[in-house]
Amino acid sequence: QENLAADDLKRYAKEVGLDLVRFEKDRLDPQNRKKVEADIAEARSLKVASTPSFFINGRFVRGAQPFDMFANVIDEELARANVPSPAKTSN
């Protein structure tokens, strides 16, 4: 996250094979900047300060987590809504 200057971004775009002309056009587009700023404002309003971050039925889950943690949260939310868990009803 420290290497996000324009030259860094261009280098990353080239490394992953993006169309560099389109990348640069989109990177500088004021409408795209507004979209990014709106996303940042929404994240701040939700108190999201890092990636990855997830919301599962409104429950905030911060950071990369093991599959079982996600499954547990989903199962808890399904139980709260009186919906059977597919994992627990299938063979």
Side-chain angles (χ1 to χ4, degrees):
Q1 293 183 5
E2 296 168 3
N3 300 320
L4 296 176
D7 286 341
D8 297 317
L9 298 176
K10 290 178 206 176
R11 185 177 71 251
Y12 303 145
K14 183 177 181 181
E15 287 174 4
V16 298
L18 296 182
D19 175 336
L20 296 181
V21 172
R22 180 175 176 189
F23 172 79
E24 195 62 8
K25 177 181 170 277
D26 290 344
R27 188 180 73 80
L28 298 173
D29 185 319
Q31 292 300 323
N32 289 337
R33 178 175 289 280
K34 286 180 185 177
K35 291 175 188 176
V36 171
E37 288 171 353
D39 285 347
I40 291 169
E42 181 179 22
R44 285 185 178 140
S45 75
L46 296 169
K47 298 187 179 13
V48 172
S50 62
T51 58
S53 294
F54 305 89
F55 287 90
I56 301 172
N57 202 29
R59 286 177 59 180
F60 182 58
V61 177
R62 177 174 296 146
Q65 301 291 330
F67 173 81
D68 288 342
M69 199 286 295
F70 285 100
N72 288 337
V73 172
I74 291 168
D75 287 343
E76 289 170 6
E77 290 303 308
L78 289 171
R80 203 164 60 103
N82 292 319
V83 176
S85 168
K88 293 181 180 177
T89 59
S90 64
N91 294 348

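Being a predicted model, the structure only gives us computed values, none of them experimental. Computation of the quantities below employed the complete heavy-atom set of this structure, encompassing side-chain atoms and omitting hydrogens, waters and symmetry-equivalent molecules.
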Inset, instruction - Identify the heavy atoms of Pro52 and Ala64 that sit nearest to each other, and give their distance. - result: CG-N, 3.6 Å
Inset, instruction - Before accepting this row, confirm whether a basic side-chain N of the pair Arg80/Glu77 lies closer than 4.0 Å to the acidic partner's carboxylate O. - result: yes
Inset, instruction - For residues Ile56 and Phe70, report the shortest heavy-atom separation together with the two atoms involved. - result: CD1-CD2, 3.6 Å
Legend entry - Distance-minimising heavy-atom pair for Lys14 and Leu20: N-CD2, 3.6 Å
Inset, instruction - Could you tell me which non-hydrogen atom of Asp26 sits nearest to which non-hydrogen atom of Asn32, and how far apart they are? - result: O-ND2, 2.9 Å
Inset, instruction - Check whether Val73 and Val83 end up in the same hydrophobic cluster, where Ile, Leu, Val, Met, Phe, Trp and Tyr are linked by side-chain heavy atoms less than 4.5 Å apart. - result: yes
Inset, instruction - Consider only side-chain heavy atoms of I, L, V, M, F, W and Y, link residues closer than 4.5 Å, and tell whether Phe23 and Leu4 are in one cluster. - result: yes
Inset, instruction - Check whether any side-chain N or O of Asp29 sits under 3.5 Å from a backbone N or O of Lys25 as a donor-acceptor pair, and report yes or no. - result: no
Inset, instruction - For atom CZ of Arg62, decide whether the heavy atoms of other residues, nucleotides or ligands shown that lie under 6.0 angstrom number more than 12. - result: no
Inset, instruction - Determine whether Met69 and Leu78 fall in the same hydrophobic cluster, where Ile, Leu, Val, Met, Phe, Trp and Tyr are linked whenever their side-chain heavy atoms lie under 4.5 Å apart. - result: yes
Legend entry - Shortest non-hydrogen contact from Phe54 toward Gly63: CE1-O, 3.7 Å
Inset, instruction - Report yes if some heavy atom in the side chain of Lys10 is under 4.5 Å from a heavy atom in the side chain of Asp7; otherwise report no. - result: yes
Inset, instruction - Please say whether more than 12 non-hydrogen atoms of neighbouring residues, nucleotides or ligands are located less than 6.0 Å from CZ in Arg59. - result: yes
Inset, instruction - Measure the shortest side-chain to side-chain distance between Ile40 and Arg44 over non-hydrogen atoms and say whether it is less than 4.5 angstrom. - result: yes
Inset, instruction - Spell out, yes or no, whether Val48 and Val61 are grouped together once hydrophobic residues are joined by side-chain heavy atoms under 4.5 Å, including indirect joins. - result: no
Legend entry - Point-to-point distance, once rounded to the nearest 0.5 Å, from CG of Asp8 to CD of Glu15: 10.0 Å
Inset, instruction - Return the orientation label for the Phe55 and Phe60 ring planes: parallel under 30°, perpendicular over 60°, tilted otherwise. - result: tilted
